[in-house]
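Residue numbering restarts at 1 for every chain, and letters A, B, ... go by the order of the sequence lines.
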2 protein chains.
Amino acid sequence: MPFEPSVQAPFAVAVDLVVLAVHRSALRTLVVRRGESPDRGRWALPGGFVGAQEDLEAAAARELKEKTGLSVHVAGNGDAAHLEQLATYGDPGRDPRTRVVSVAHLVLVSGLGESHESYTGVVRGSVLGDAAGGEPEVRWAPVDELLSADSEMHRRSSPSLLAFDHDRILAEGVDRARAKIEYSSLATAFCPPEFTVGELRRVYEAVWGVALDPRNFHRKVTGTPGFLVPTGGTTSRQGGRPAQLFRAGGATLLNPPMLRPEA
Amino acid sequence: MPFEPSVQAPFAVAVDLVVLAVHRSALRTLVVRRGESPDRGRWALPGGFVGAQEDLEAAAARELKEKTGLSVHVAGNGDAAHLEQLATYGDPGRDPRTRVVSVAHLVLVSGLGESHESYTGVVRGSVLGDAAGGEPEVRWAPVDELLSADSEMHRRSSPSLLAFDHDRILAEGVDRARAKIEYSSLATAFCPPEFTVGELRRVYEAVWGVALDPRNFHRKVTGTPGFLVPTGGTTSRQGGRPAQLFRAGGATLLNPPMLRPEA
DNA sequence: CCTGTTTATCGTCAGTGCGACGACTAGGAT
DNA sequence: ATCCTAGTCGTCGCACTGACGATAAACAGG
């Protein structure tokens, strides 16, 4: 009994965003407090419905722009964020209202400005007033909190912190980021245009949640051709001995990869 | 001007399948000849629309069952095929009829039975009669042909062999498979339940399109704990000295990975 | 039976890359 | 001056890989 294609359900198609940044040695993600009816008041990943003539990637970029003001150069090493498709979630019943198929996207933004004020400012400064009138509540939540709450949910079967199936989406987005900085130069997307080896190392440490040996890390990244190009300048914004500044090089794939400590 | 969610277009949601197998030292994919109006007569990836209350993965498994008769153990090392989500394609205009968002899936099936008859039989034997009445034309096409035709398309701007944007979907599916057998034990999904080291090596050679040193390959796979489990039996179905038979072990991630020759 | 062919399996050896860690450098703070 | 912090250069041993020799166990054909 083959499925009959002429009977088609009314599908809604949405995009959800896992926006990741490293701030104060923590991997953080952007969450918004829901003002709408299902899961009202819970935190959720930013997202929205796809327009009738809108490309999926364009919808994701538009949502990002609305929520953070950031532009994306898709797969481009420009001044903007990195955006890529993550996975699609379409369980019937994941949204109690109607059948919603949501295409999740992963966004990596530069977040090394350590001042908390200017950091949240990148969100505050550009959120357009939503239909509800007031500014939506937006937060850079440490991923650890959200995910450990998730595993705690498994133990005590308490409801998760995030609405819908957004825990799972976040977990898979974080997994993807953790895996991808291993074999690509994507970690530089978390850094400002110019950065030091130490700053890049702190990105890896925050994303992986491990400590890396500064000497071996330095040898590895400076020894991989095309990964980093020195700009000539130095900075001492971290204290200690001034460090060389680098830009991201042309290489996107790291071969051999950056090894993540196992344990 | 934020996008207004209340205005929602009529989306159709479909699944497309990149079904890969290794047969006669070639990586092949399952294509069906279209009998419907757009691109009628062209080859296309198998696929179909998602049911109103149907999960995406369930829809993919159903389509696979209808087209090949194969069952899937999702992420299970059982007797059946491997299925995983690949990516979602939603460009407006990718289907001239209506807005179709298609969730592509990757399926790896065991195909080492070298008899061509029994091999196509796995398709023939179980295709349910489609609405059109006759049996749909189904073919295991070597991936090289389809993709080289694709690159030829770029040179001479001739229309591609596959309908819609299925060249791109196939290319990304093949890329995923090529990348994934590098750091996971997924290559065993191309093999029957019991197989020899040489058979596994020929899978790698077919998927990557390279020649591997039999001695180093043997050392590598037998030296990785949890990758292969000897069953005790031997076989000489390949001619030459009889080889030990193995089953896939519990390990799913290979660490260190199987290295793909660069050049 | 002997020989060539095919495939499987075991070893050897040199080169590469990584983890562990010592040593030195160049700034700021006290 | 002395500590403290962070960056940078070296060294050593180990693990793994690539190249390749050698042996083993089947079959085909003379």
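- D:dA6 atom P lies 11 Å from atom CD of A:Glu205, rounded to whole Å.
- Remark: B:Pro230 engages B:Gln244, B:Phe246 in a side-chain contact (heavy atoms from CB on, under 4.5 Å) (not counting sequence neighbours).
- B:His166 places no side-chain N or O within 3.5 Å of a backbone atom of B:Ala44 that could act as its donor or acceptor partner.
- Residues passing the side-chain contact (heavy atoms from CB on, under 4.5 Å) test with B:Val229, sequence neighbours excluded: B:Arg247.
- Nearest-nucleotide positions on DNA chain D for B:Gly239 and A:Gly239 put A:Gly239 closer to the 5' end.
- Closest to the side chain of A:Ala243, out of D:dG7, D:dT17, D:dA26, is D:dG7.
- The nearest pair of heavy atoms linking B:Phe195 to B:Pro192 is CD2-O, 3.2 Å.
- Distance A:Glu262 CD to D:dA15 C1': 12 Å, rounded to the nearest Å.
- The residue among B:Pro256 and A:Arg241 whose nearest nucleotide of DNA chain D is located toward the 5' end is A:Arg241.
- Atom pair B:Arg260:CZ and D:dT17:C1' shows a separation of 17 Å (rounding to whole Å applied).
- Under the salt bridge (Lys or Arg N to Asp or Glu O under 4.0 Å) criterion, A:Glu172 pairs with A:Arg168, sequence neighbours left out.
- Bracketed by its first and final contacts, the part of DNA chain C lying under 4.0 Å from non-hydrogen atoms of chain B reaches from C:dT6 to C:dT12 in 5' to 3' order.
- Scanning for side chain to side chain donor-acceptor pair (under 3.5 Å) contacts around A:Arg241 gives an empty result, with sequence neighbours left out.
- For residues 210-221 of chain A, every residue pair satisfying the side-chain hydrogen bond (donor to acceptor under 3.5 Å, both in side chains) rule, not counting sequence neighbours, is listed here: A:Asp213-A:Arg215, A:Asn216-A:Arg219.
- Judged as a ring-ring contact (aromatic ring centres under 6.0 Å, His included), and not counting sequence neighbours, B:Trp43 has no contacts.
- Straight-line distance from the CD atom of B:Gln238 to the C1' atom of D:dA25: 15 Å, rounded to whole Å.
- When the nucleotides D:dA26, D:dG7, D:dT17 are ranked by their closest atom to the side chain of B:Leu259, D:dT17 comes out on top.
- Considering only residues two or more places apart in sequence or on other chains, A:Arg260 meets the salt bridge (Lys or Arg N to Asp or Glu O under 4.0 Å) condition with A:Glu182.
- The stretch residues 212-236 of chain B touches DNA chain D through B:Asp213, B:Arg215, B:Asn216, B:Arg219, B:Lys220, each having a heavy atom within less than 4.0 Å of the strand.
- At a threshold of 4.0 angstrom between heavy atoms, the contacts of A:Arg201 are confined to the sugar-phosphate backbone, with no base atom among them.
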